[in-house]
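Data block below; observations after.
Every chain is numbered from 1, with letters handed out A, B, ... down the list of sequences. Hydrogens, waters and symmetry mates are skipped; everything else that's a heavy atom, side chains included, is used.
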There are 2 protein chains.
Amino acid sequence: MRLTKGCKKVLEVLEHAHDLSSAQDIHGRMRGEDDKAPGLTTVYRSLESLVSMGLVQAVDLGDGERRYELVKPGEHHHHLVCESCRSSVHLDQCLIEELEEGIRHKYGFQIKGHILEIFGTCKGCLTK
Amino acid sequence: MRLTKGCKKVLEVLEHAHDLSSAQDIHGRMRGEDDKAPGLTTVYRSLESLVSMGLVQAVDLGDGERRYELVKPGEHHHHLVCESCRSSVHLDQCLIEELEEGIRHKYGFQIKGHILEIFGTCKGCLTK
DNA sequence: CCGCACAATAGAAATGGATTTCATTTCTAA
DNA sequence: TTAGAAATGAAATCCATTTCTATTGTGCGG
Ligand SMILES: [Mn+2]
Ligand SMILES: [Mn+2]
Ligand SMILES: [Zn+2]
Ligand SMILES: [Zn+2]
């Protein structure tokens with residue numbers, strides 16, 4: 001699996017992004033500064049590659065639009081998403097991984113992955 | 001918020017369902033046994049009502065199709081979803097609720113809701 | 001009963017993110 | 001240089017969900 005030109009452009013955008021970006025966000029950003037940047041299809045394909053390479057994490061907020069962000073290779077984390085200002089706090093540890101052993105014993109279930117995102121109101125919005 | 005005729009039909013179907021059902025599953029089931037059962041639009045609207053009444057839980061498996069199931073009023077739970085046979089184990093306790101207090105203190109974040117689903121291979125499929 | 005106001009409903013059309021298709025271009029390795 | 005593989009873009013398509021609009025059902029005052 002190679003790091004194609006498209007992938008590199010996507011990485012560039014993600015490096016400068018301040019929060020979670022959708023495929024269309026990324027594409028829009030690219031095209032904004034360069035008319036002949038890769039097309040949306042390529043962005044989707046690049047994201048797919050980057051995710052499977054472990055360089056990028058896909059985040060599912062349950063609103064039908066997947067978001068992406070750079071991560072330390074092979075790692076992942078979860079978020080506290082503010083429903084008021086849409087900002088998100090990046091949690092420093094995954095709560096699920098600790099439970100894997102217990103779940104495997106209790107249910108005989110082999111965990112491969114998981115979705116976990118938490119919604120609510122952030123500190124800033126609470127005090128306002 | 002009333003229990004309309006559509007809502008009742010949806011509840012009926014969910015009572016007999018054995019696993020998570022999508023809106024279209026439910027609609028299909030209805031129409032299968034009665035040509036003039038409520039339309040898909042009504043099913044969606046009924047599910048929306050039932051969810052906000054706390055009688056039905058919406059489950060997001062990240063595949064773009066929301067599923068629904070009956071729950072004890074006001075409660076919710078999470079699942080171990082087998083990627084091989086698509087069956088799901090219903091967990092008996094929510095891991096997140098225990099963490100709310102800690103997260104509120106550490107981040108000043110007020111939790112309102114969350115998504116949590118776990119994927120992997122179930123006992124049955126592992127032994128096969 | 002009648003007619004009216006309003007809720008519930010159906011079906012069609014619109015929406016929107018994601019994916020597929022396929023012709024074309026670019027890369028890579030003889 | 002050249003053939004095959006990989007990458008790409010634009011348009012077409014998919015598909016769950018939402019919106020729109022016309023129709024139907026229901027409760028109620030007269
Ligand atoms: Mn993050
Ligand atoms: Mn369940
Ligand atoms: Zn995790
Ligand atoms: Zn929970």
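- A nucleotide of DNA chain C counts as in contact with chain B when one of its atoms lies under 4.0 Å from a heavy atom; the first and last such, 5' to 3', are C:dA8 to C:dA12.
- B:G108 approaches A:L126 most closely through the heavy-atom pair O-CD1, 3.4 Å.
- Proximity of A:I118 to B:I115: side-chain heavy atoms (C-beta onward) are nowhere separated by under 4.5 Å.
- Between B:H114 and A:H78, the distance separating the two ring centers is not shorter than 6.0 angstrom.
- Using a 3.5 Å distance cut-off with no hydrogens or angles, the side chains of B:E69 and B:H79 do pair a donor with an acceptor.
- Within residues 5-19 of chain B, the residues approaching DNA chain C are B:K5, B:G6, by heavy-atom distance under 4.0 Å.
- If you check residues 62-70 of chain B against DNA chain D, the residues with a heavy atom closer than 4.0 Å are B:G64, B:E65, B:R66, listed by number.
- Neither OP1 nor OP2 of D:dT8 sits under 4.0 Å from any side-chain N or O of A:T41.
- With sequence neighbours excluded, the residues that form a side chain to side chain contact (heavy atoms under 4.5 Å, CB included) with A:E100 are A:E97, A:I111.
- Between A:D35 atom CG and D:dA10 atom P there is a gap of 11 Å when expressed in whole angstrom units.
- Atom C1' of nucleotide D:dA16 and atom CD of B:E48 are separated by 15 Å, given to the nearest angstrom.
- Out of D:dA10, D:dA7, D:dT17, the shortest distance to the side chain of B:A23 is found at D:dT17.
- Ring to ring, A:H90 and A:H76 are not that close: their centroids are 6.0 angstrom or more apart.
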Query raised in the report: Given the rule in the side-chain contact (heavy atoms from CB on, under 4.5 Å) test, do A:D25 and A:L20 qualify, once you have shown the distances and angles that lead to the verdict?
Result: CA-CA 9 Å; A:D25 287 342; A:L20 302 172; over 6 Å; no
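- With side-chain heavy atoms closer than 4.5 Å counting as contact, directly or through intermediates, the hydrophobic cluster containing B:Y44 also holds B:L40.
- With hydrogens and angles left out, the side-chain atoms of B:Q110 and A:T121 include no donor and acceptor closer than 3.5 Å.
- Computed from C1' positions of five pairs at each end, the angle between the two local axes of the helix from C:dC1-D:dG30 to C:dA30-D:dT1 equals 10°, rounded to 10 degrees.
- Summarising the geometry, the separation between NE2 on A:H27 and P on D:dA11 is reported as 12 Å, rounded to the nearest angstrom.
- For the pair B:F119 and B:L61, the tightest heavy-atom approach, listed with the atom from each and the gap, is CZ-O, 3.5 Å.
- The side-chain heavy atoms of B:T42 and B:V10, taken from C-beta on, include no pair separated by under 4.5 Å.
- Minimum heavy-atom separation, A:L3 to A:K8: O-CE, 3.5 Å.
- Protein atom CD of B:Q24 is 6 Å distant from nucleotide atom P of D:dT17, rounded to whole Å.
- A heavy-atom distance below 4.5 Å is not found between the side chains of B:D35 and B:R31.
- D:dT23 atom P lies 18 Å from atom NZ of B:K36, rounded to whole Å.
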